[in-house]
Protein chains: 2
Amino acid sequence: MTADTTPPRQDVKAALHECRLWRGASDAAIDALASAARVKEVPRGTTLVTEGEPADHFGVMVTGKARVFHLGADGRRITFETLSAGDPVAVVAALAGGRYPAHAETVTPATIAWLPREALFELMESEPTVARTVMTNLANRVVGLTSVVQTLALDVPARLARYLFQRALAVGTPSSQGLEVDLGMPKSELAAALGTVPETLSRAFAKLREDDLVEVHGKRVTVLDVRRLASLGSGYSEE
Amino acid sequence: MTADTTPPRQDVKAALHECRLWRGASDAAIDALASAARVKEVPRGTTLVTEGEPADHFGVMVTGKARVFHLGADGRRITFETLSAGDPVAVVAALAGGRYPAHAETVTPATIAWLPREALFELMESEPTVARTVMTNLANRVVGLTSVVQTLALDVPARLARYLFQRALAVGTPSSQGLEVDLGMPKSELAAALGTVPETLSRAFAKLREDDLVEVHGKRVTVLDVRRLASLGSGYSEE
DNA sequence: ACCTGGCCTTGACGGGGGTCAAGTTCGGGA
DNA sequence: TCCCGAACTTGACCCCCGTCAAGGCCAGGT
């Protein structure tokens with residue numbers, strides 16, 4: 001069903017090198033990981049990990065994208081994050097050693113390098129600086145989740161404003177009217193990322209539009225008033 | 001305003017030993033921490049850390065209780081966790097090295113031992129097993145936050161059911177009618193812990209009561225049907 | 001006993017947002 | 001060119017829950 005490799009593949013090594021989790025590890029250590037990895041190529045929509053299963057492995061995305069999410073009792077999904085090449089999959093669960101706390105599935109065809117959790121422990125023992133890197137990484141993860149919780153306490157227009165603001169900082173390009181921003185994804189996907197549904201997102205856009213904060217043209221949005229957008233997105237001030 | 005100690009205090013050492021974060025560290029290492037610590041005694045309602053401030057220190061609760069929370073734009077509080085003796089304060093932020101991601105304040109008079117973040121790094125470098133302990137601890141923290149997010153997606157009766165179920169597992173005592181459970185706190189506080197207000201919590205109790213799931217007598221609750229309670233609290237099954 | 005002030009409960013009301021059901025726009029294929 | 005389906009929008013409806021405003025129900029003090 002899937003293909004394993006015997007010699008370390010080039011793209012796998014590249015992905016492992018890009019993985020922010022153990023940035024700073026020696027090439028030798030990463031190459032060792034690469035040869036220990038079981039590489040799998042899977043189609044879009046494949047379940048990578050299932051909530052509640054014992055967390056004995058973790059993965060690194062080599063190509064493709066995946067989504068980490070929760071399934072509510074009614075089947076609703078709450079998306080935590082979207083993973084792309086170089087991102088680790090389920091590494092937290094592997095470190096914690098319990099069961100996977102969430103589901104993950106691919107949203108495109110993808111290649112994933114799987115490793116047993118012990119491999120990571122060995123890497124950290126052999127290279128102390130890696131342990132420190134992994135540590136700060138985990139800590140940042142906690143901070144990130146904290147802000148997810150914070151964001152969920154805002155209403156949808158505010159969450160959208162926050163997203164647009166951050167997006168404007170990252171990929172905004174100046175234009176005659178203001179800042180041109182390309183939403184990186186279809187609106188239905190953005191809705192899920194903001195923890196809501198397309199209909200409500202649509203109304204949120206409408207609200208920002210009638211407040212003269214943005215203009216919407218398909219997937220391209222013109223931010224007319226960055227300042228007010230930022231303050232609506234909760235408490236970012238200019239300095 | 002507050003009292004520093006010169007010799008390591010006994011209660012401070014005890015609290016540091018109890019701190020789950022570095023369980024497994026040698027006595028010598030912990031004693032070293034204890035003598036490096038600046039011990040402060042503060043009244044109820046004292047702000048321990050302020051969201052947005054640079055995270056250069058962390059603390060360990062020696063006595064008393066504290067609350068970690070977010071401040072919404074409108075001043076509403078979202079409580080993440082309640083800390084008591086032996087719990088670390090803001091250690092995540094210290095490891096991440098950025099700014100505090102949340103506020104913390106005492107809810108009782110409290111004694112806290114403060115340490116510079118470097119002290120923790122040094123401890124981890126000198127004792128590799130501590131690094132591993134801290135690591136799994138952080139990972140579990142992430143898992144915990146994950147479940148906070150999950151919980152916030154449920155409605156209030158379900159959140160209450162989940163709390164009662166967990167509480168029943170922890171401190172429930174069998175009785176003729178079912179499981180006797182003591183809520184560990186006043187209902188107004190429980191409301192905050194569940195991310196809601198007393199009025200809504202009261203209605204949630206009423207709903208559980210009219211579904212014959214529980215009986216309420218002040219701070220003591222009799223769980224009549226653990227099974228249904230658990231399933232209402234979302235997806236805990238019996239095995 | 002009486003008052004008084006927490007703490008909890010109950011009712012009434014309103015707003016945010018999820019759901020269902022129609023449209024609408026737009027791009028691709030025959 | 002016409003058609004069709006996917007993605008998006010808009011309206012109607014309703015539920016959950018936060019808020020405001022009254023009450024109950026004690027416990028402690030005088």
Side-chain angles (χ1 to χ4, degrees), chain A residues 44-45 69-79 107-108 151-164 182-211 214-221 232-234, chain B residues 44-45 69-79 107-108 151-164 182-211 214-221 232-234:
Chain A
R44 170 196 155 104
F69 61 95
H70 256 303
L71 229 42
D74 49 354
R76 275 187 13 83
R77 292 175 168 204
I78 307 119
T79 300
V107 293
T108 68
T151 298
L152 284 180
L154 303 172
D155 62 14
V156 175
R159 278 182 250 170
L160 174 57
R162 164 178 285 221
Y163 175 82
L164 288 176
D182 186 291
L183 316 172
M185 52 185 110
K187 286 180 182 164
S188 54
E189 211 170 295
L190 176 58
L194 295 178
T196 183
V197 294
E199 294 94 320
T200 302
L201 177 64
S202 198
R203 290 182 236 274
F205 266 120
K207 182 169 274 179
L208 296 190
R209 212 182 322 117
E210 75 193 24
D211 285 352
V214 300
E215 274 175 10
V216 184
H217 311 101
K219 287 194 195 359
R220 298 200 62 78
V221 175
L232 209 181
S234 170
Chain B
R44 170 196 156 105
F69 61 94
H70 255 304
L71 229 43
D74 50 355
R76 275 184 20 78
R77 293 174 166 204
I78 306 122
T79 300
V107 293
T108 66
T151 299
L152 284 180
L154 303 171
D155 62 15
V156 175
R159 277 181 251 170
L160 174 57
R162 164 178 288 222
Y163 175 82
L164 289 177
D182 186 292
L183 317 171
M185 51 186 114
K187 285 181 181 161
S188 56
E189 212 170 294
L190 176 58
L194 296 178
T196 185
V197 295
E199 294 94 320
T200 302
L201 177 65
S202 197
R203 290 182 236 274
F205 267 120
K207 181 169 279 183
L208 296 190
R209 214 182 321 117
E210 73 194 24
D211 285 352
V214 301
E215 273 174 11
V216 185
H217 311 101
K219 289 194 194 355
R220 298 200 61 78
V221 175
L232 210 181
S234 170

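Convention: sequence-line order gives letters A, B, ...; per-chain numbering from 1.
Atom CG of A/Leu190 is separated from atom P of D/dA7 by 15 Å (rounded to the nearest Å). Computed from coordinates, the B/Leu152 CG to C/dG17 P distance equals 15 Å when rounded to whole Å. Between the C1' atom of D/dG18 and the CZ atom of B/Arg159 lies a distance of 12 Å, rounded to the nearest Å. Regarding A/Glu210, its CD atom lies at a distance of 13 Å from the C1' atom of D/dT10, rounded to whole Å. Rounded to whole Å, atom C1' of D/dC16 lies 15 Å from atom CG of B/Leu232. Between A/Leu160 atom CG and C/dG17 atom C1' there is a gap of 14 Å when expressed in whole angstrom units.
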Could you run through nucleotides 4-11 of chain C and give me one letter per nucleotide, 5' to 3': B if any protein heavy atom sits under 4.0 Å from the base, S if only the sugar-phosphate is that close, - if neither?
----SSBB
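The heavy-atom pair separating A/Ala161 from A/Gly233 by the smallest distance is CB-N, 3.9 Å.
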For nucleotides 26-29 of chain C, give me every protein contact, N/O to N/O, under 3.5 Å, one pair per line with atom names.
none

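Residues A/Leu183 and A/Val221 meet the side-chain proximity criterion, which asks for heavy atoms closer than 4.5 Å. Side-chain contact between B/Leu194 and B/Val156 is absent, with no heavy atoms from C-beta onward closer than 4.5 Å. By the 4.5 Å heavy-atom criterion applied to side chains, A/Leu164 and A/Leu208 are counted as neighbours.
B/Lys187 NZ: more than 12 foreign heavy atoms inside a 6.0 Å radius. Counting heavy atoms of neighbouring residues, nucleotides and ligands inside a 6.0 Å radius, atom CZ of B/Arg220 exceeds 12 of them.
B/Asp211 meets the salt bridge (charged side-chain N to carboxylate O under 4.0 Å, His left out) test with no other residue; sequence neighbours excluded.
Atom-to-atom distance recorded for B/Ser202:OG and B/Lys207:NZ is 13.0 Å, nearest 0.5 angstrom.
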